[in-house]
Amino acid sequence: MKNREVAAILARIADMLEIKGDNPYKIRAYRQAAESIYRLDEDITTLYEKGWLRNIPGIGDAVEAKIGEILKTGSCAYYDRLMEEIPDGLLDILAIPGLGHKSVKMLYDNLKIETLDELEKACQEGKVRNLPGLGVRREKKIIQGINEIKQRGDKINLGIALPLAQELLDYLQKSPLIENASLTGSVRRGKALVGDIDLLLASDVPQAVYQHIKAFPAVSQTDYLEPDLVKGRLGREIEFEAIIVSPPDFYHSLLWTTGSKEHRQRIFTRFDRRDFTGLNSEAEIYSRLGMDFIAPELRENIGEIEAAVAGSLPQLVNEADIKGDLHVHSNWSDGSERIQDLAAAARSRGYEYMAITDHSRSLAISGGLSLERLQAQGKLIDAINDETDGFHIFKGSEVDILKTGELDFPDPVLKDLDVVIASVHSHFKLEPGQQTERIIEAAKNEHVDIIGHLTGRLLSRRSGYEIAVDDIIEVCARCDTALEINSHPDRLDIDGNIARKAKARGVKVAINSDAHHKKDLDLIKYGVITARRGWLEAKDILNTLSRDEL
DNA sequence: GCCGTTTTCGGCCCGACTGTTTTCAGTCG
């Protein structure tokens, strides 16, 4: 928890410096420090006390001192001073697509705009269009951006919510006051975006449980609302609800609170949930209802109840089924670690293989590989493989799909690679037909194995590009091209719905971490959750195959 | 603000698109 808080403060410092127009390299230094700390495996307090922070790349004298201050006081003077200088709301405005720090500052300087609402009003009144460099079209785009932000509401990424929820759950499970505890609600169902964190606790002493929840360090605020409900906040902005029930009511309450609402309504039509008091698992309840146990990820009333009655539910894929990672970036492009170190980390996860798939030459900002460097990387991988038993590194590329649908490397080069992922990283706003055709062209290439992050969505930030998904799936089915579930919690792309369509057409799915750091290999769990939400089984997944089969 | 098998000062991933311009600044990936 501390690590995330420190990283968040440093990242906000970077944002505020950016609005101030400070030295861009200094800003980047803060961003990098924040990033390093966010990814840290070890507890930052311990590292600080041992004086080891300086060994972390991107942390020098200044940041180390500020971290010390944050750890002792919860904040630091530099940050507080910036907070006084820069209104909070400007950071929200910075989130509008197409508005960068320069525009945010100009709006603030000229029109005193400090919040999204003020900006919306100014746009509607036509005040923004007259500022230098802005115009009617950008004014429209800003309104559109604000609408999108408002529509999304305050949903949180599963990648943020789940670790926080798990920390609180682990803490509560250790308490003798609590007989049973589980995550519940949309976090338990594995939705990519969730409104809040829900926990279900079984206890006969709810008052004492309330006090115990309050004592958890990351809990910032709590209300004891009803005899069985505690509401509060984790960290600065994430709300949670803890529902406390008596132990015999635990499992029917778990089924009830897990939802979804539509699933629950159908399950309990002919029964009262109290009819199931005293049962010892959800499986027993489902069994009494005459159906198989339904995994939480499937509980969306999209056919799972019928399948459970018929005994035809899928045997959902598990993280343990994954035998390797097919999308990993090294420090040859925009990853931060050596191939050897990534391989060691993958191996220690129990994988049999991984593919190094650095960016191709067009993606200059991400250090895309030239043909020469790709060859050199191949030689290095051969050398590492020669020295290694029981683990294999595949040579690969995440090759850019260019505007025309052509690929960024010529066929003879792709032919020599083991794993080719083709992805879109540019021209997001093409007309739908052209965008679809572009991806279809790539999927048809005989050397392309996988289409990466198909829709290009960035959760809470950017909608996917407009494409005819069904048409692309058809081509993938015909050309034996797989689709990726990109496990990064910001992407989870393709989602469960598309994954299910892919499965129906016999298109294989690769669950990839898209790791840029060895710790990112752990993100695969979000991809597995997404695959489960798409009803996928181990046999539907490319990287559940052994190295030889693959 | 960080970093150093060219370095303790002077560098620090680049290129394209957009909307505004009439030659470019800002933004993005």
Side-chain angles (χ1 to χ4, degrees), chain A residues 9-11 13-37 53-67 69 76 78-79 82 93-109 123 128-145 329-336 358-370 373 398 400-404 408 423-431 435 452-453 456-458 461-465 486 488 490-491 493 514 516:
Chain A
I9 290 177
L10 294 176
I13 289 177
D15 282 341
M16 292 191 283
L17 289 175
E18 195 158 32
I19 291 171
K20 275 187 66 173
D22 212 309
N23 176 356
Y25 297 110
K26 181 169 156 185
I27 294 163
R28 202 171 74 188
Y30 274 103
R31 289 244 158 81
Q32 269 167 357
E35 191 81 356
S36 288
I37 291 162
L53 279 184
R54 295 297 305 277
N55 301 333
I56 297 166
I59 297 183
D61 288 331
V63 172
E64 185 190 32
K66 290 183 180 78
I67 292 172
E69 222 184 316
C76 71
Y78 186 58
Y79 175 62
L82 286 168
I93 296 176
L94 201 53
I96 300 173
L99 272 193
H101 55 279
K102 291 258 164 105
S103 308
V104 171
K105 184 170 189 319
M106 187 172 58
L107 289 163
Y108 177 57
D109 288 343
C123 285
V128 169
R129 65 185 66 173
N130 298 322
L131 294 175
L134 295 170
V136 179
R137 262 188 292 186
R138 288 196 66 191
E139 206 174 61
K140 267 193 191 150
K141 214 182 142 202
I142 292 170
I143 293 179
Q144 203 187 332
H329 295 273
S330 76
N331 61 2
W332 284 66
S333 67
D334 60 349
S336 53
D358 278 312
H359 290 289
S360 59
R361 54 192 173 182
S362 284
L363 211 59
I365 188 166
S366 301
L369 267 54
S370 64
R373 296 192 68 227
E398 182 181 16
D400 254 57
I401 303 175
L402 305 177
K403 188 177 179 183
T404 55
D408 197 19
S423 306
V424 166
H425 289 114
S426 62
H427 302 95
F428 300 134
K429 298 284 181 199
L430 293 184
E431 173 274 315
Q435 192 72 279
H453 45 72
R457 73 173 183 180
L458 289 177
R461 275 187 284 162
R462 184 178 83 200
S463 320
Y465 11 89
N486 188 297
H488 196 291
D490 286 343
R491 293 193 182 268
D493 181 15
D514 197 359
H516 288 70

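Here is how names work: the chains are called A, B, and so on, in the same order as the sequence lines, proteins then strands, and each is numbered from 1.
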>> Nearest to the side chain of Ala29(A), heavy atoms from C-beta on, is which of dG29(B), dG26(B), dC2(B)?
In response: dC2(B)
> On a whole-Å scale, what distance lies between the C1' atoms belonging to dT6(B) and dG10(B)?
Replying inline: 13 Å
> If you measure from the C1' atom in dT23(B) to the same atom in dC13(B), how many Å do you get, rounded?
Replying inline: 26 Å
>> Return the pairing partner of dT8(B) with a 3.5 Å limit on both distances, Watson-Crick or G-U wobble; otherwise return none.
In response: none
> Just checking Pro57(A): base, sugar-phosphate only, or nothing, at a heavy-atom cut-off of under 4.0 Å?
Replying inline: sugar-phosphate
> Tell me: CD1 of Ile96(A) to C1' of dG26(B), nearest whole Å?
Replying inline: 15 Å
>> The criterion is side-chain contact (heavy atoms from CB on, under 4.5 Å); which residues satisfy it with Arg138(A), sequence neighbours excluded?
In response: Leu99(A), Ser103(A), Leu134(A)
> Which whole number of Å gives the distance between the C1' atom of dT8(B) and that of dC12(B)?
Replying inline: 15 Å
>> Suppose you measure atom C1' in dT20(B) against the same atom in dG26(B); what distance do you get, rounded to whole Å?
In response: 10 Å
> If the C1' atom of dT21(B) is compared with that of dT27(B), how far apart are they to the nearest Å?
Replying inline: 16 Å
>> Does Ser362(A) form a side chain to side chain donor-acceptor pair (under 3.5 Å) with Asp408(A)? I'd like the steps, not just the answer.
In response: CA-CA 7 Å; Ser362(A) 284; Asp408(A) 197 19; 2.7 Å; yes
> Partners of Glu69(A) by side-chain hydrogen bond (donor to acceptor under 3.5 Å, both in side chains), sequence neighbours excluded?
Replying inline: none
> Please give, in whole Å, the distance from dG29(B) P to Asp490(A) CG?
Replying inline: 12 Å
> Which nucleotides of nucleotides 11-20 of chain B have their base under 4.0 Å from a protein heavy atom (B), which only their sugar-phosphate (S), and which neither (-), written as one string 5' to 3'?
Replying inline: -BBB--S-SB
>> Between P on dG1(B) and CG on Asp15(A), what's the gap in Å once rounded to a whole number?
In response: 16 Å
>> Could you tell me how far apart Phe428(A) (CZ) and dC28(B) (C1') are, to the nearest whole angstrom?
In response: 8 Å
> Of all residues at least two apart in sequence or in a different chain, which pass the ring pair (Phe, Tyr, Trp, His ring centres under 6.0 Å) check with Phe428(A)?
Replying inline: Tyr465(A)
> Which residue lies toward the 5' end of DNA chain B, Val104(A) or Val63(A), if each is placed at its nearest nucleotide?
Replying inline: Val63(A)
>> Using whole Å, what does the distance between atom C1' of nucleotide dT27(B) and atom CD1 of Ile19(A) come to?
In response: 15 Å
> Separation of Leu53(A) atom CG from dG1(B) atom C1', in whole Å?
Replying inline: 15 Å
> Would the His453(A) and His488(A) ring centres measure less than 6.0 Å apart?
Replying inline: no
>> In this structure, how many angstroms lie between the P atom of dC3(B) and the CZ atom of Arg54(A), rounded?
In response: 7 Å
>> What's Ser426(A) touching, base or sugar-phosphate or nothing? Going by heavy atoms closer than 4.0 Å.
In response: nothing
>> Tell me every residue that passes ring pair (Phe, Tyr, Trp, His ring centres under 6.0 Å) with His516(A), counting only those two or more places apart in sequence or in another chain.
In response: His329(A)
> Of all heavy-atom pairs between Glu398(A) and Ser423(A), which one has the smallest distance, and what is that distance?
Replying inline: OE2-OG, 2.7 Å
>> So, using side-chain contact (heavy atoms from CB on, under 4.5 Å) as the criterion, who are the partners of Arg137(A) when residues are at least two apart?
In response: none
> Rounded to the nearest Å, what distance is computed from the CD1 atom of residue Ile67(A) to the P atom of nucleotide dC2(B)?
Replying inline: 9 Å
>> Over all strands shown, is Leu99(A) touching base, sugar-phosphate only, or nothing at heavy-atom distances under 4.0 angstrom?
In response: sugar-phosphate
> Is Lys66(A) touching bases, backbone alone, or none of the nucleic acid, heavy atoms closer than 4.0 Å?
Replying inline: sugar-phosphate
